Amino acid sequence: MAKARRPVTRNSCTVFIFITAFWNNTQPFEESGFSAIYSNRFLNQFPKNLPAETTVLDLSHNNISQLQISEFRYILRLQVLNLSHNVIQELDFSVFQYNEDLEHLDLSHNVLQTLSCHPALSLRHLNLTYNNYTDMPICPEIDMPKLQYLGLGAKRILGSDFSALAHLLLDTLFLSLEGLSEYKAKSIPVFNTKTIQLVLHPHKDFRILTDLELNATESLELFNIHDTQVNELRMFLLSRSGRLLNLTLNNMQCSWEELLSILQAAWETTVEHLVISNATWMDATNANNFNYTETSLKTLVIKQTIITSIKSDPQYMYRIFSDMNITALTISGAKLIHMLCPSKPSHFTYLCFSYNLLTDAVFESCNNLTLLEMLILPVNQLKHLIKMSLMTSHMKSLKYLDVSQNLLQYKDHEKGCHWGENLAELNLSSNQLSDSVFHCLPVNIQKLDLQHNQISRIPKEIVELRALEELNLAFNRLTDLPGCGQFTSLRLLNTENNSIVAPSSKFYHTCPRIREVKAENNPFRCSCEIREFIDLRKQGLVVLVGWPEFYQCEYPEDVRGIWLEDFHVSELVCNLTLLIAVVLVIIVVSVAIVCFLCIYLDIPWYLKMMWQWTQVKRRIWKNYPEDFPDDIEFHAFISYSEHDSDWVKNVLIPNLEKEDGSIRICQHERNFIAGKSIVENIIDCIEKSYRSIFVLSPNFVQSEWCHYELYFAHHKLFRENTSSLILLLLEPIPPYIIPAKYYKLKALMAKRTYMEWPAEKSKHGLFWANLRAAVHIRLPET
Ligand SMILES: *[C@@H]1O[C@H](CO)[C@@H](O)[C@H](O)[C@H]1NC(C)=O
Ligand SMILES: *[C@@H]1O[C@H](CO)[C@@H](O)[C@H](O)[C@H]1NC(C)=O
């Protein structure tokens with residue numbers, strides 16, 4: 001599972017509620033150990049094979065009826081055991097005698113009838129509420145020295161039943177007396193407990209409050225107070241509230257007058273924090289006086305309680321609250337339509353009216369809230385941002401304003417926003433604000449929450465907000481990351497869930513202080529532009545919250561769902577200059593390689609040879625069958641200098657003739673006919689040969705004979721107009737060594753292409769093939 005990092009949602013009115021400790025006595029267990037969770041498994045029996053290192057065992061909501069010592073001997077490190085919602089009837093603490101670390105035991109919602117008196121030395125938290133016992137289940141002599149929390153219920157409290165509790169020095173005692181059916185007056189002892197939570201019978205009054213005595217108790221939480229008990233409660237508060245600091249009244253039914261009487265009583269006690277929740281009362285009536293005497297009370301919280309005034313003028317009711325001389329007032333979930341400005345300079349530093357129906361008229365032109373530091377108004381009917389600003393302009397101390405989840409708007413043409421000068425934190429989330437809201441913001445704002453609005457961009461020409469450090473623009477319509485042109489101190493920027501496709505990294509250059517950016521869940525387009533944004537993170541310039549799993553490509557389609565972290569595109573694709581440079585380099589290198597190969601491998605020579613070879617083939621193919629004179633007997637006559645005869649005899653002739661005899665050579669030593677002169681023989685040989693090969697070399701040039709041969713051959717050449725002459729250059733002949741009288745040879749060498757004998761062995765094959773092709777022809781059968 002990916003861990004979602006969502007903004008911490010703070011219940012808007014909890015800031016000043018101090019009585020939160022009531023339910024939180026269960027300390028979290030952080031020791032390394034094993035938690036075995038077997039909740040809701042339809043178990044009839046204790047689970048088998050639990051790991052020995054089990055420290056937390058949750059067996060709640062099962063059908064377990066019995067506990068055996070043998071089961072607990074294997075889990076000696078057990079610290080927390082939750083057996084709530086099972087069917088256990090009997091409990092002998094001795095089953096835990098080996099579990100010396102057992103601290104938390106929840107046995108609520110079972111059918112317990114009896115408990116043993118075995119000492120439970122390590123227990124800190126024991127919950128026995130909602131069971132079947134009628135009498136107090138704890139023996140007077142039971143030994144639980146470490147116990148801090150005890151939850152108990154009872155159906156019957158008679159005589160000294162509860163006296164055992166008086167000796168326990170607890171942090172919290174939870175007494176559920178909802179099911180009480182019998183109570184003997186004065187059976188409740190004086191408790192030595194810091195916090196008492198007492199659930200009274202919802203309908204019957206057993207006059208428990210009359211008997212309740214507090215000794216060291218600082219917090220008292222009462223549930224189910226109905227109107228017959230109101231007077232009792234009032235008397236209790238006035239006479240025996242001792243050192244009580246926190247009082248919470250849950251599920252109270254009373255009239256407006258009765259409520260006021262309780263408030264009035266609380267005003268005269270030591271109670272500092274009073275919470276009334278889930279109360280129902282009748283219509284507020286007028287003509288009530290409230291005596292705001294000097295009081296210890298600091299905080300009053302009224303929540304989930306409808307305060308309306310239908311029959312009479314509600315102003316009286318508002319007045320009673322607004323003139324209270326306490327520092328913090330919360331009235332939440334009360335359908336309040338209005339609240340009056342205090343009639344004289346007020347003590348309030350904190351006001352919370354969340355979940356009501358307040359309108360823009362609240363605290364209009366109110367000069368008496370000069371000490372107010374926090375004003376919390378989420379979920380109301382506020383509509384005009386400008387009116388909110390004017391409201392705060394008189395609140396000289398106001399630092400924090402929460403008007404989230406309202407209907408606030410600000411129109412461009414409106415003028416005259418004027419905010420309280422000390423306002424540093426402003427929550428405008430979940431309203432109907434658009435880009436223009438940036439024209440109506442407090443200049444000294446440090447933290448601004450604008451999430452869930454309709455902002456598409458931050459206008460350029462706005463007042464500089466130099467103190468702004470945190471800006472939340474999540475769930476808006478932004479298409480790019482805003483820069484920090486007008487808020488140079490920005491450290492945290494939240495732009496998650498907007499429409500940012502290609503976040504430009506330019507924003508960073510305008511944000512010198514930026515440390516953290518949240519840009520999760522935007523429809524990113526993964527292309528070249530996004531790389532710079534990713535690089536910001538790589539270079540450690542900004543921390544991207546939620547990286548990498550909440551940063552995914554949305555476009556183009558083929559990479560949708562890929563994490564930005566895994567998206568790679570090469571520098572080459574994105575950088576045109578680089579691309580051109582690379583292409584140029586490739587071309588240059590290729591050309592160089594080709595040149596090198598040509599020179600090193602003598603490619604032009606091969607090409608030339610191939611060309612000659614194809615030419616010869618073409619010619620043969622074109623002229624075939626040729627009209628040969630019938631006297632042609634040889635493929636070639638070879639003319640050479642005596643000095644080159646070794647090469648001719650050992651290399652040229654064997655390679656030309658081969659074994660198959662397909663090529664016949666006329667060689668004057670071999671084929672000379674005796675009786676004829678040499679010249680006649682040569683002429684004869686030339687005339688009987690299809691081609692004449694002249695092996696040219698400096699030696700050849702010097703040899704007189706050869707010139708004769710060449711002369712004849714040349715003549716034949718001209719006579720028959722065939723290219724019967726093949727010049728084979730065995731060794732290079734510098735032109736100057738050809739004597740001037742051999743102008744013909746010079747001319748021939750200049751005009752005709754000749755075949756060069758390659759020095760490299762590797763080229764010989766092609767050379768021979770070429771030469772053979774040049775002389776090859778089907779000779780008439782002789
Ligand atoms: C602003 O209010 C909203 C909703 O009321 C809340 O979720 C958010 O956490 C608040 N912002 C701040 C910065 O407290
Ligand atoms: C035991 O389980 C119940 C029901 O799931 C739960 O309400 C209670 O808080 C748990 N107790 C402890 C000590 O964890």
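Since the model is a prediction, treat every value here as computed from it, not as a measurement. Numbers for residues simply follow the sequence, beginning at 1. Counting starts at 1 for both ligands and their atoms, following the listed order.
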Proximity flag Ser84 to ligand 2, non-hydrogen atoms under 4.0 Å: yes

Straight-line distance of Leu126 CG to Leu115 CG, nearest 0.5 Å: 7.5 Å

Check: His85 N/O within less than 3.5 Å of ligand 2 N/O: no

side-chain contact (heavy atoms from CB on, under 4.5 Å) partner of Phe487, the single match among Ile445, Leu448, Leu468: Leu468

His104 neighbourhood, listing ligand 2 atoms whose heavy-atom distance to it stays under 4.0 Å: 13 (C)

Which of the ligand 1 atoms, numbered from 1, are nearer than 4.0 Å to a heavy atom of Ser429: 1 (C), 2 (O), 3 (C), 4 (C)

NZ on Lys155 to OG on Ser176, rounded to 0.5 Å: 10.0 Å

Sub-4.0 Å atoms of ligand 1 with respect to non-hydrogen atoms of Tyr400: 14 (O)

Phe93 vs Leu123 side-chain heavy atoms within contact, under 4.5 Å: yes

Test of proximity, His125 against ligand 2: N or O pairs below 3.5 Å: no

His338 and Tyr318 aromatic ring geometry - parallel, tilted or perpendicular at 30°/60° bounds: perpendicular

N or O contact, Gln405 vs ligand 1, cut-off under 3.5 Å: yes

Test of proximity, Ser404 against ligand 1: N or O pairs below 3.5 Å: yes

Ligand 1 contact on Lys447 by region, counting heavy-atom pairs under 4.0 Å: neither

Any His61 heavy atom less than 4.0 Å from ligand 2: yes

Step-by-step side-chain contact (heavy atoms from CB on, under 4.5 Å) determination, Tyr38 to Asp58: CA-CA 6 Å; Tyr38 285 92; Asp58 185 352; over 6 Å; no

Residue Asp449 vicinity, atoms of ligand 1 by number, heavy atom under 4.0 Å: 1 (C), 8 (C), 10 (C), 11 (N), 12 (C), 13 (C)

His452 side chain to Ser430 side chain, donor-acceptor N/O pair below 3.5 angstrom: no

Option of least heavy-atom distance to atom 12 (C) of ligand 1 (set: Asn427, Leu448, Leu450): Asn427

Mutual orientation of the aromatic rings belonging to His85 and His61 [parallel < 30°, tilted 30-60°, perpendicular > 60°]: parallel

